[in-house]
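Just so you know, these numbers use all the heavy atoms, side chains as well, and skip hydrogens, waters and symmetry mates. The chain is numbered in sequence order, starting from 1.
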Amino acid sequence: MALFKNIGRKIIRSHTACAVLSFLAYWYVRLVAATTKWDIRNLNNFYDNLDKYGSVIFIAWHGRVPIIPYFWDKRSTLKALVSPHRDGQIIVGLLKRFGIGHIDGSSNERAASAAVTLLKELQQGITIAIIPDGPRGPSMTMGLSPLYYAQKTGRPIVGVTYSIANSYVVERSWDRMLLPKPFNKGICAVTKPFFVPENTSKEELEQYRKQIEKELNELTWKIDKELGMPYIPQGTLPKKKRKADK
């Protein structure tokens with residue numbers, strides 16, 4: 001039995017499996033996004049900042065990532081910081097189909113090696129997407145790395161989120177990802193831009209971190225409530241509680 005389990009894991013983690021899953025994810029996103037009646041809020045503000053500064057740092061929670069590539073209008077190059085894990089490779093395949101590039105690493109892993117590349121890309125006018133609670137959480141909790149890049153480049157941080165009515169919430173996943181149904185109604189919303197001065201102290205950085213995290217969370221909860229979705233709390237669900245939920 002153990003042998004079959006190991007073989008199954010290898011198949012699931014293979015490049016072929018990742019390619020198939022990313023293909024299916026792409027068409028799932030296209031179907032859901034194209035058949036959803038959207039209420040778009042402040043997206044023009046995002047693109048105004050993009051036009052003004054040449055590039056921005058945009059962030060989104062891991063549980064609200066899949067549909068976001070659909071809204072990218074390609075007026076400039078976008079690259080996403082993606083984890084090297086299997087889930088990350090599926091995301092890479094999805095992004096490629098939307099014409100979006102990637103940078104190996106994540107907000108928690110390989111940060112040092114990715115930092116130089118990220119800073120260079122931002123300064124050259126390439127917008128960077130960061131999932132600040134990935135790849136393993138805690139969910140809806142922001143790390144400091146986006147603030148570091150904003151501080152060094154002068155580019156604004158903009159949070160992007162969405163909600164879709166009647167979505168299935170994957171309660172046992174650490175990020176409680178939404179799996180929306182097609183032919184639905186949804187809201188895509190964008191936070192105001194946040195700028196981090198170059199001479200910001202560590203204590204001030206922490207205040208900026210809390211402020212950005214709070215605004216993105218409150219915006220997410222607000223649109224969830226408007227669409228009748230359940231409240232999804234911040235923080236990764238403890239493993240013991242997941243087992244007790246069975």
Side-chain angles (χ1 to χ4, degrees), residues 42-43 45-50 52-65 68-69 71-72 76-85 88 91-92 95 100-162 175 188-220 234-236:
N42 297 326
L43 196 59
N45 186 33
F46 172 83
Y47 287 117
D48 287 345
N49 279 280
L50 184 59
K52 183 176 180 179
Y53 297 99
S55 61
V56 303
I57 302 160
F58 90 72
I59 61 171
W61 298 136
H62 196 277
R64 309 286 170 132
V65 166
I68 288 176
F71 296 103
W72 183 250
S76 75
T77 302
L78 170 65
K79 291 186 179 180
L81 184 63
V82 180
S83 163
H85 297 296
I91 292 172
V92 167
L95 294 174
I100 298 171
H102 76 283
I103 297 170
D104 289 327
S106 73
S107 56
N108 297 320
E109 187 172 341
R110 297 184 181 178
S113 61
V116 174
T117 301
L118 279 167
L119 291 172
K120 184 178 179 181
E121 300 279 26
L122 282 167
Q123 289 164 348
Q124 291 180 346
I126 294 173
T127 290
I128 299 296
I130 298 177
I131 311 304
D133 62 344
R136 294 178 180 175
S139 63
M140 301 172 76
T141 302
M142 185 167 177
L144 285 169
S145 62
L147 283 79
Y148 167 77
Y149 303 127
Q151 183 183 30
K152 295 296 182 182
T153 63
R155 301 301 195 273
I157 297 173
V158 182
V160 183
T161 189
Y162 66 83
D175 60 355
C188 177
V190 180
T191 69
K192 66 185 180 185
F194 292 90
F195 294 87
V196 183
E198 188 175 0
N199 59 351
T200 302
S201 66
K202 290 183 179 180
E203 292 77 14
E204 290 170 331
L205 275 178
E206 176 60 15
Q207 292 304 312
Y208 277 111
R209 187 198 69 78
K210 289 180 179 178
Q211 183 184 1
I212 299 170
E213 176 184 284
K214 180 181 178 182
E215 178 154 334
L216 186 54
N217 278 335
E218 289 183 347
L219 184 59
T220 301
Q234 178 184 22
T236 302

Ring pair (Phe, Tyr, Trp, His ring centres under 6.0 Å) against Tyr208, all qualifying residues, sequence neighbours excluded: none

Contacts of Pro193 meeting side-chain contact (heavy atoms from CB on, under 4.5 Å) (sequence neighbours excluded), chain-then-number -> Asn45, Asn49, Pro156, Val158, Phe195

Rounded distance [0.5 Å steps], CZ in Arg64 versus CD1 in Ile131: 12.5 Å

Tell me every residue that passes side-chain contact (heavy atoms from CB on, under 4.5 Å) with Leu219, counting only those two or more places apart in sequence or in another chain. Thr161, Ala189, Thr191

Side chain to side chain, Ile68 and Phe58, heavy atoms closer than 4.5 Å: yes

Give the ring-plane orientation class for Trp72 versus Tyr47, where under 30° counts as parallel, over 60° as perpendicular and anything between as tilted. tilted

Going from CG on Leu144 to OH on Tyr149, what distance comes out if it is rounded to the nearest 0.5 angstrom? 11.0 Å

Minimal non-hydrogen separation, Trp61 against Asn217, with atom names: NE1-OD1, 2.9 Å

When every non-hydrogen atom of Leu95 is compared with those of Ala80, the smallest separation belongs to CD1-CB, 3.7 Å

Apply salt bridge (charged side-chain N to carboxylate O under 4.0 Å, His left out) to Glu204 and list each qualifying residue two or more places apart in sequence or on a separate chain. none

In Å and rounded to the nearest 0.5 Å, what is the CD to OG1 distance from Glu215 to Thr220? 10.5 Å

I'd like to check the side-chain contact (heavy atoms from CB on, under 4.5 Å) partners of Glu121; sequence neighbours left out, ordered by chain and number. Lys79, Ile103, Thr117, Gln124, Ile126, Ile128

Mind checking what makes side-chain contact (heavy atoms from CB on, under 4.5 Å) contact with Lys152, not counting sequence neighbours? Leu119, Tyr148

Rounded distance [0.5 Å steps], OG1 in Thr153 versus CD in Glu198: 10.0 Å

For Val196 against Leu205, the heavy-atom pair lying closest together: CG1-CD2, 3.7 Å

Using 0.5 Å steps for rounding, measure from the OG1 atom of Thr127 to the CG atom of Leu50. 4.5 Å

Specify the closest pair of heavy atoms between Asp133 and Ala60, including all atoms of both residues, with the distance to one decimal. OD1-O, 4.3 Å

Residues in side chain to side chain donor-acceptor pair (under 3.5 Å) contact with Gln234, at least two apart in sequence or another chain: Thr141, Glu213

Indicate the atoms forming the closest heavy-atom contact of Pro146 with Pro132, along with that distance. CG-CB, 4.2 Å

Sequence neighbours excluded, the answer for salt bridge (charged side-chain N to carboxylate O under 4.0 Å, His left out) partners of Arg155 is none

Atom CZ of Arg209 and atom OG of Ser145: how far apart are they, to the nearest 0.5 Å? 11.5 Å

Of the non-hydrogen atoms in Ile100 and Pro69, which two are nearest, and what is the gap between them? CD1-CB, 3.9 Å

